[in-house]
**Q** 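What follows is a single structure, and I will ask about it in a moment.
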Amino acid sequence: MEKAQVVETKDGTISVGSAFPAHPEVVQDRDHKFLSKAIAEAYGGVECNDGGPFGAVIVRNDEVVVSCHNMVLKNTDPTAHAEVTAIREACKKLGQIELADCEIYASCEPCPMCFGAIHLSRIKRLVYGAKAEAAIAIGFDDFIADALRGTGFYQKANLEIKRADGNGAIIAEQVFQKTKEKFQMY
């Protein structure tokens, strides 16, 4: 197996060289093309009042699988971020839950929820445009990217997290033991 070459650019971005062995300018042009489509989605979503200025495009074999924008307002769903919406649509369209042969282009740095969805779907590559601070600067103070960075400054609500006591925890864990034969994951 070929060893991955880690490349760090001037702006501090780190990429794995073996993921795309093409010449850097070719990759940059390709990234620009698909990122521009994600940005156009962000504008489109705002224009039709579907949600915030966020767009995402999922690509497989240099072809767009889906192009989506934030649908939080339209769907009355706080989880309908552009990346999550794109992953849901791509999985439906391709008839699979793993998108390991796909890339995602996001107009903005994904929040932890979106990053989690990207990770769980096994997408092989993420390219994003704006940093989270750009969204925070215009009022998306519940963006929560700062949670990953170890600050809670922008969080609005306090959330208590507690594991159930006693029998509740035991019977909740039993569901995994009792159903494990049905799931052969990855």
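The structure displayed is predicted, hence computed values, not measured ones.
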**Q** A side-chain contact here means heavy atoms from C-beta on lying under 4.5 Å apart; do Val127 and Arg125 qualify?
**A**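 Yes, at least one pair of side-chain atoms sits under 4.5 Å.
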
**Q** Quick one: salt bridge (Lys or Arg N to Asp or Glu O under 4.0 Å) pairs with a partner in residues 66-85, sequence neighbours left out?
**A**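 The answer is Asp77-Arg88.
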
**Q** Pairs of donor and acceptor atoms involving the side chains of residues 170-178, under 3.5 Å and at least two apart or interchain, shall be tabulated with distances.
**A**
from: Glu173; atom 1: OE2; to: Arg163; atom 2: NH2; distance (Å): 2.3
from: Gln177; atom 1: OE1; to: Lys180; atom 2: NZ; distance (Å): 3.2

**Q** Would you call Ile138 and Pro53 a side-chain contact if the rule is heavy atoms closer than 4.5 Å?
**A**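 Contact flag for Ile138/Pro53 side chains = yes.
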
**Q** Among residues at least two apart in sequence or on other chains, which ones pass side chain to side chain contact (heavy atoms under 4.5 Å, CB included) with Ala100?
**A**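 For Ala100 the side chain to side chain contact (heavy atoms under 4.5 Å, CB included) partners, ignoring immediate neighbours, are Glu98, Arg122.
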
**Q** Just do the side-chain contact (heavy atoms from CB on, under 4.5 Å) check on Asp31 and Tyr105 with the steps written out, would you?
**A** CA-CA 8 Å; Asp31 287 350; Tyr105 290 82; 2.8 Å; yes

**Q** List for me each residue that meets side chain to side chain contact (heavy atoms under 4.5 Å, CB included) alongside Ala130, sequence neighbours excluded, and say none if there are none.
**A**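 Per chain and number, Ala130 pairs via side chain to side chain contact (heavy atoms under 4.5 Å, CB included) with Cys108, Ala134.
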
**Q** Is there any salt bridge (Lys or Arg N to Asp or Glu O under 4.0 Å) pair reaching into residues 32-60, and which pairs are they, with sequence neighbours excluded?
**A**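 For residues 32-60, and leaving out neighbouring residues, the salt bridge (Lys or Arg N to Asp or Glu O under 4.0 Å) pairs sorted by first residue read Arg60-Asp101.
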
**Q** Just how far is it from atom NZ of Lys124 to atom CD of Glu103, taken to the nearest 0.5 Å?
**A**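 So the NZ of Lys124 and the CD of Glu103 are separated by 5.5 Å.
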
**Q** Measure the spacing between OH of Tyr43 and SG of Cys48 and express it to the nearest 0.5 Å.
**A**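 So the OH of Tyr43 and the SG of Cys48 are separated by 15.0 Å.
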
**Q** For the atom pair CG (Leu126) and NE2 (His119), what is the distance rounded to the nearest 0.5 Å?
**A**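 Reported to 0.5 Å precision, the distance equals 13.0 Å.
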
**Q** Which atom names give the shortest non-hydrogen contact between Val84 and Cys114, and what distance separates them?
**A**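 Looking at all heavy atoms of both residues, the shortest contact is CG2-SG, 3.9 Å.
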
**Q** Applying side-chain contact (heavy atoms from CB on, under 4.5 Å), run through Val59 and Arg30 and close with a yes or a no.
**A** CA-CA 11 Å; Val59 175; Arg30 184 179 172 281; 4.1 Å; yes

**Q** Could you tell me which non-hydrogen atom of Val57 sits nearest to which non-hydrogen atom of Ala38, and how far apart they are?
**A**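 What the structure gives for the nearest pair is CG2-N, 3.5 Å.
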
**Q** Just to verify, what does Ala86 make a side chain to side chain contact (heavy atoms under 4.5 Å, CB included) with, not counting sequence neighbours?
**A**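 With sequence neighbours excluded, Ala86 shows a side chain to side chain contact (heavy atoms under 4.5 Å, CB included) to Ala56, Ile58, Val66, Cys68, given in chain and number order.
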
**Q** Can you tell if the side chain of Asn61 reaches within under 4.5 Å of the side chain of Cys102, non-hydrogen atoms only?
**A**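 In short, these two side chains do not touch, never coming nearer than 4.5 Å.
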
**Q** What about Met71 and Val46, same hydrophobic cluster or not, with Ile/Leu/Val/Met/Phe/Trp/Tyr joined at side-chain heavy-atom distances under 4.5 Å?
**A**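 Different clusters: Met71 never reaches Val46 through Ile, Leu, Val, Met, Phe, Trp or Tyr contacts under 4.5 Å.
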
**Q** Which heavy atom of Asn75 sits nearest a heavy atom of Ala80, and at what distance?
**A**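 Asn75 and Ala80 have their closest heavy atoms at ND2-CB, 4.2 Å.
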
**Q** About how many Å separate CD1 of Ile104 and CD1 of Ile118, when rounded to the nearest 0.5 Å?
**A**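 Between Ile118 CD1 and Ile104 CD1, I get 4.5 Å after rounding to 0.5 Å.
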
**Q** Begin with the C-alpha distance, continue with both residues' side-chain angles, and end with the deciding distance and a verdict on side-chain contact (heavy atoms from CB on, under 4.5 Å) for Lys93 and Val65.
**A** CA-CA 8 Å; Lys93 184 174 183 177; Val65 176; 4.0 Å; yes

**Q** In Å and rounded to the nearest 0.5 Å, what is the CZ to NE2 distance from Phe54 to His69?
**A**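 Going from CZ on Phe54 over to NE2 on His69, the span is 13.0 Å.
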
**Q** Show your reasoning for whether side-chain contact (heavy atoms from CB on, under 4.5 Å) applies to Ile97 and Ser121.
**A** CA-CA 6 Å; Ile97 62 168; Ser121 68; over 6 Å; no

**Q** Judged by atom type as modelled, is there a donor-acceptor pair below 3.5 Å linking the side chain of Ser107 to the main-chain atoms of Ile39?
**A**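 Pair absent, no side-chain N/O of Ser107 close to backbone of Ile39.
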
**Q** Who are the ring-ring contact (aromatic ring centres under 6.0 Å, His included) partners of Tyr128, not counting sequence neighbours?
**A**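 Per chain and number, Tyr128 pairs via ring-ring contact (aromatic ring centres under 6.0 Å, His included) with no residue.
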
